Every structure is written in structure tokens, then in C-alpha cells.
Amino acid sequence: MNKEVKNVESALEGLQDNMTIMLGGFGLCGIPENSIQQMVKTGVKGLTCISNNAGVDDFGLGLLLQEKQIKKMISSYVGENDEFERQMLSGELEVDLIPQGSLAERCRAGGAGIPAFYTPAGFGTEVAEGKEVREFNGKPHILESALTADFAIVKAWKGDTEGNLIYKATARNFNPMMAMAGKITIAEVEELVPAGELDPNEIHTAGIFVQRIFQGEKFEKRIEQRTVRQK
Amino acid sequence: MNKEVKNVESALEGLQDNMTIMLGGFGLCGIPENSIQQMVKTGVKGLTCISNNAGVDDFGLGLLLQEKQIKKMISSYVGENDEFERQMLSGELEVDLIPQGSLAERCRAGGAGIPAFYTPAGFGTEVAEGKEVREFNGKPHILESALTADFAIVKAWKGDTEGNLIYKATARNFNPMMAMAGKITIAEVEELVPAGELDPNEIHTAGIFVQRIFQGEKFEKRIEQRTVRQK
Amino acid sequence: MSLDKIGIAKRIAQELRNGWYVNLGIGIPTLVANYIPKGIEVEFQSENGILGMGPFPFDGDEDADLINAGKQTITALKGAVYFDSATSFAMIRGQHVQLTVLGAMEVAQNGDIANWKIPGKMVKGMGGAMDLVASADNIIVAMMHTNRAGASKILKECSLPLTGVNCVRKVVTNLAVMDIKDGKFHLVERAPGVSVEEIVAATEGELVVPDNVPEMVLD
Amino acid sequence: MSLDKIGIAKRIAQELRNGWYVNLGIGIPTLVANYIPKGIEVEFQSENGILGMGPFPFDGDEDADLINAGKQTITALKGAVYFDSATSFAMIRGQHVQLTVLGAMEVAQNGDIANWKIPGKMVKGMGGAMDLVASADNIIVAMMHTNRAGASKILKECSLPLTGVNCVRKVVTNLAVMDIKDGKFHLVERAPGVSVEEIVAATEGELVVPDNVPEMVLD
């Protein structure tokens, strides 16, 4: 089944105000750069974005925040973005902070048809407010629900025309679960190959989860904390 | 961290009567042959075995059934084993039949610290008896709990001394989830290589889940339904 | 003349739509893969862990590590992918598979299905069937209209332990194609040469018969 | 003399045991990796998706696709493995990681910890900290004993929003090593040259002081 679309414009067709969008990545690592830039271009507004982080001021989701295109963020950590913190503390931006493991599992659950599950993470904290608490093996757990999105936008290293994806190193992070949880899942890849060129044993995300795939025009792959040692 | 043990005897050290054992495989595909044969040899009794299937009369878990070493089976499909059906219908063998997807997810949950989750599978059937029912999005679901085991025994294609595993084709099946859910997880592999020889991007099961690994002496890899077409 | 298994498979194959991922159960459903209509591209998922399942291997090419859910040796098509059982049922439960075709011992007019157990007699287990029927939006059952003794398997209520409730949308038997809606069977097509009267006589459940019941067109 | 950050990291490194998988938080905990005792082999997990994390890359070898949870460029050791975030937290929640070391703004005598939020002021998010503290059996907190104004951060009760409850077992500060049990801090060791009186004065929570409190031995 050929899922290839010709460019980022076609990939994001149907993107509308007030949609819920999942975006893969951890920090700036493994984020769908081309799609984010296109989202800025379209001027779409009122978005609910589910993403572990919120980019930095001038890259990643920070670009959408600068333009005030995001109404609500669902994230686990947003500490690298001053504009974010300003909008949040001023009340312009709704923010739902979720423990990172619960965020990952809730996306997976959304893709896997599991409507809810119990986790110990957040028990006794404000994360647990309004949530059911139940003990298992003498330990309290809270009930967390699945997350899904109108569009899930992920970034992979290699992909084939069937939508099969391979991520590179720690750029994998949230991409595989979000790919499962999109009503429409869009994959931007560094290299798009014909079906049959990827080893079926090495594929991280099966094409069944992906509706549209395209090769990104340019990947800046900005590094957030360049740390090195001397030779 | 070196997890290598020298042979199947060392791998199964500590195996005792009345333990709960998970065994990977689907039908006879991807089963830990060497470990099963060793379990027969030890004469261990009263086992609770969690495995999608129960082997055939003279191979796989069927060997343990012949010797009446299994007290209880937790499986999804046991149709290829006459001795199994005899023991079950006569009441000699306790059997807990579980929908295949719930079995897979319950093993994953056990390994992932998720004590319970909701699934639609089995609602309205005898599988749901005694289980909590809850509606999500207008659809009834039942609460299923995590499964864990004293030993989880899995079979992989390649492994390294750190316990990292790569499975081949559909021999992957239940092995990755069961590897996560064992208090002690034992991996038997067709080829054991030094740490660093497997591409970290291609590993299916991370070594953190595996406590002991060894290269199996001989793999018969019996085919259950040889179906071919003519050239 | 009532259909044989191949006829049932051919008729079900007409239900395939372009771009669908499809899970085929053991038995008649497996045969559907042989009769995909021209111009229709679908991909087959087998719940033991492959998407892009191909035909049986050539003699001598069998690989013990590459089987389908019926434990038969198979091949993988270009673009195929392997995955574990949890991911496989994530695809199924998460409704990423557009069509499930499976067999049944009994189907009831409310969409209930029984296909895994005959108490005290046959207990093979449900395998993946309960996950499939509880999850899929689009379930077609392939079955014989009656048992060997001639008793209907198209019922008001299932008598055997259920596999799933209110889930079957369409039944294709050796005699007819029927939709299930509003708690009733609705006759849609007759097998070639089979009369409406024969179908009514073989159906225990409530059957709505429209004025015009066309014959199936196969091949 | 109270310890600096490196001193705290060195002392915590003494808690490592052979064969452990360890998750190190951002800040002081990260430094622990530099002081693994001789003869001890441990492996570091970073929750963004790597096991077998190595040192920072040589200048020019940085890879934007290979970072740790602090978003720093890193390397992978032999035998490393990459995985997705759900699998990463399966390792953590499933208690496959033997030790978690993380920083804190406040710790209470019942084992509560606060380290993610100052209402109305700093709201960066909890990241993986809530999963880590709710799951790990063995949690060591690395922190300063007091804040810049000299107020104790070793408390009867946390005043900031909690990250987790009843979870911290051991605290290593610039002044002391303390265990937490039975709802109290228990003084275990003093930093070199720091008196028991200084520690008591800097501790707001209930502190059990044994007759003999040895000095830490570093290096």
C-alpha cells in the first residue's frame, strides 16, 4: 500500500484550527522539523499539541508558540523555552503536565485500543487529583486514560513507501507510540526508499500505523546541549 | 554486564517444583527447545506454565505434559495436542484460557509495572466472569491484570553477552513480552556473540530484561504445518 | 446449488476494498487471499506477527521461523514487517485492521458469535478470536448455514459459549449473504440456484427478506 | 568542610553495586558516572531511550540523534541498546532499574520528595521524575542540605508540590548521608570536617543521631 505523498504540503492536508496534534521527539532530538515549519506557514491556530517537550524559543514547537498557534500543550517537561513559561504563567497557554512515562504509555494505549491503565506514577501528587486510586499488591496506583490525536506527526531516519519506519539511536523516543495513536499519522523521513528495501526484521514502526509518508526537504537537526570532551 | 552462562543446566539453576514459568513461542515457532528438554530431564513437577500454546504431543510443551510435570496451563490456544485435551477434559490439568491479545498484553504489563488495564476482548463471554466491567467511549471493557513468572524462558535468533536479543521473523511472537515479565529471564539463542557485535538500533529485547543467556546446543525447529506450492 | 468453501471465499473477496489491512482466520477465511479482485490492493495481517503475508513458499523454501496464525509455512511480500504479539494485538485492538474474516459455529441475529468451545467436548481455546471480534468495526463471518445434521447455525440466540457479543455485521454462508442490523438478519444475496425458500428454511433466526434478492455473481 | 557537587557525586558512587542498572538524573547525579569504584560494573539507563550510555563524544563526533535525558550529546558503549520511551519507562516502572539517583528541592522525613515545581514561579514539568520515584525500590537523593538563604531542605513535611510520596530511602547532601526509615531521618555519615551539631542545626526534620557518626571516606 503506497503511502507516499509528494511533499510536506500534501502531508499536512486537512490540518485545521483547534485540532489535537501529537508530535514525536525528545527535546529537539527526533522532531518532525519540516512539518512544524509547515504548520507555522499555514497559520493554523488553536492547536492542542501533545509532545514531550515544547522546543526552544526559536526552534521546534517554540516556533508555533511564538506565533501563538498553540492553545494547549500536553507535555512532561517544558523547561527549555522562555516564551512557553511566559505564556503559561500569564495564563495565555493551557498546560497539562504529565509524567513522562505516563505520557508515553498513554500514547501507546491510545494506539493499542487500551482505554485506560493503572500506574504508580504521580500517586499522592497533584497529577493524581480527580483520578481514581486503587491498590494493587499493597501499592497505590492511579488510573490513566489513553491519548489519541487527529494528526500524529513523527520523524524517522528511514522509511519505505509502505510507511514502515526505522528510527536512529535516541531519536526514536516518543515517535513509535505517537505513530500508533494518530487518526492520521504522518511520517517525515530523512530517506524514503521503495518497499522491500528495509529488512522486515529491523522495522520499528509497521506501515499499518502510517497514513502518509514523505522525505523531508532539509533537516537541521539542531543540538540543544553540545557536550564534548577533548581528544 | 555479562549474563552468559555456560549451558542449559546452569541456565535453569534454581528451577523448582510448583514454580510459574513463562515460555515464548507461537505453536512450535520460536520456542525454547533446549530449555524445555532440560526441564523434562530435571523431573520438576507441579509447574504453572504460561505459554500461548501447549506444543504438540511429542514436541515443545507436549513433552512436559506427557510426563505430567504441568499442573496448570495459561494459554490462548491448545488445539494441537491430544494429550493436553485428554488431561484437561479429565480434570487432571487446570487450564486458564485467555484471549491471545490479552495474554500478550498481560505479559507486557507484568514486565512494565502496569498492574492492570482495560480491554474490550472477552466482554460478554465466560472470560469476563468475575472481572470488573467498565464503559469507555460507550463500549464495555473488562479489567485484566498483569502476569509475571518466576522464570521466563525465551528463544532468540541472536544474542550478545549483555543479554540483548534479536528474534527472527515470526519467531518473535511472545518472546519479547515474556522476557520483560520474568523475575529471572533466561534466553536461549541460536548464536551468541560478544557485546558490541549487535547493532544497538536493531535489538528487539534490551539486555536489562535478561538475567541469563546461553547458546542452545541444537535447534530442531520443527515445522507444524508444512505448506508449500509447486515451482 | 449451494456454494463450496471456495465459493464462500470468492464471495467474501468481493467485500475487499482498496488499501485495507485484513486479518483472515483459519479455514475458509484463509482462502479469501486467493481471490482478491483485480485492481484491489490489500495487505494481510497475521496475528502471530507479520503484515504483508505472501503465498505459501515453494517446496524446499520453507522457513520454520516464518509461519502464519494457522502455523502454516508462508512467505513475506516486499514491504512486509515482523512484530511481537503485543504489537500485533495493538494493531487489532486499536482498529488499525480494517476487516476481519473468521469462521463460526453459530451466529445470532444480534451479532453474537460462538466459535471456540463446545463444553465438555472440544476446548481448543479462543486464540486471537475474542480480541478480533471485540475490536474490529468490520467483521465478516464465513460459515456453513447449517450443521451436518441440517440444523441451522444462523440463530435467534447462540447456544454455545460466546466469543463476542453484538459484533458480527455480515455473514456469508454456502446459501446466502446476510447483513446483521437492528437485531435481525437481512437477506442480501442468494447463492446461485438457491431459492429464498431454502434459505428461510435453513435459518432459525429472524430473517428479513426484501422483495428482490439477487443471486451472487461469482467470477 | 562541606562537600561540593563532586564530593556528593563521589559519595553516592560508593553506593553502586556490581551488576546494577542505574538511572542518573540531571545535575549532580550525572556526575556520579565519573566516580564508579574500581571493580564495580554498572550500566546507565537514560530514560529518553538508551541503555549503555557512555561518556561525552570527542569534539567533532557529536551526533544530534544521540543524546541523554539532559539533552546532552553522548556516546554509546559496546553492548548498548536504543529503545522507545514506552519501553524505557517499562524498564523503570517494572523495576528493572536497580538504582535511581536524582536531585530534589525538598525531602521530608517520611520519604516524600519535591523537585519539579514552585507554584507561580517555576513550572518546568516533572519529566520522568514522577515515574522514577514511584517505581524504584532504591532511590538516592543528591542535594544541598540548605538553600541559599540557609534554610533547611531536609524537612518534617515538604512545602512544595510533591513529586512522590514515601519513596526516598537515602539522602546524600553537602553535609551528610542520611537514611530514611520509620518516618525519620537517620544520620549515617558526616562530610569530612563537618560536626554533628552543624548537621542537626541544618536539619528541620526529625533526625536520629547515633552515638558514633563516622566521617565519609572519599577517594
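To find a chain, count down the sequence lines: A is the first, B the second, and so on, and within it residues start at 1. For clarity, every value in this text was computed on a predicted model and none was experimentally measured.
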TODO: Would you mind checking which part of N201(B) comes under 4.5 Å of any heavy atom in chain D, side chain (CB onward), backbone (N, CA, C, O), both or neither?
DONE: both
- [ ] Select one option (side chain, backbone, both, neither) describing which atoms of L198(B) are under 4.5 Å from chain D's heavy atoms.
- [x] neither
- [ ] Look at the aromatic rings of H141(B) and F136(B) and report parallel, tilted or perpendicular, splitting at 30° and 60°.
- [x] perpendicular
Task: Side-chain ion pair, R11(D) and E189(D), N-O less than 4.0 Å - done: yes
Task: Minimum-distance pair of heavy atoms, taken over all atoms of K131(B) and L143(B) - done: CD-O, 3.8 Å
TODO: Mind ranking L51(D), I50(D), N18(D) by heavy-atom pairs under 4.5 Å with chain B and telling me who comes out on top?
DONE: L51(D)
Task: Heavy-atom contact with chain B under 4.5 Å, split by part of Q95(D) - done: neither
Task: Taking every non-hydrogen atom, the tightest pair across Q100(B) and N52(B) - done: CG-OD1, 3.4 Å
- [ ] Considering only heavy atoms and a distance below 4.5 Å, find which of F89(D), W20(D), F83(D) pairs most often with chain B.
- [x] W20(D)
Task: Max heavy-atom pair count under 4.5 Å with chain D, selected residue of A146(B), G163(B), A206(B), G111(B) - done: G111(B)
Task: Salt-bridge criterion met for E190(B) and K221(B) (N-O under 4.0 Å) - done: yes
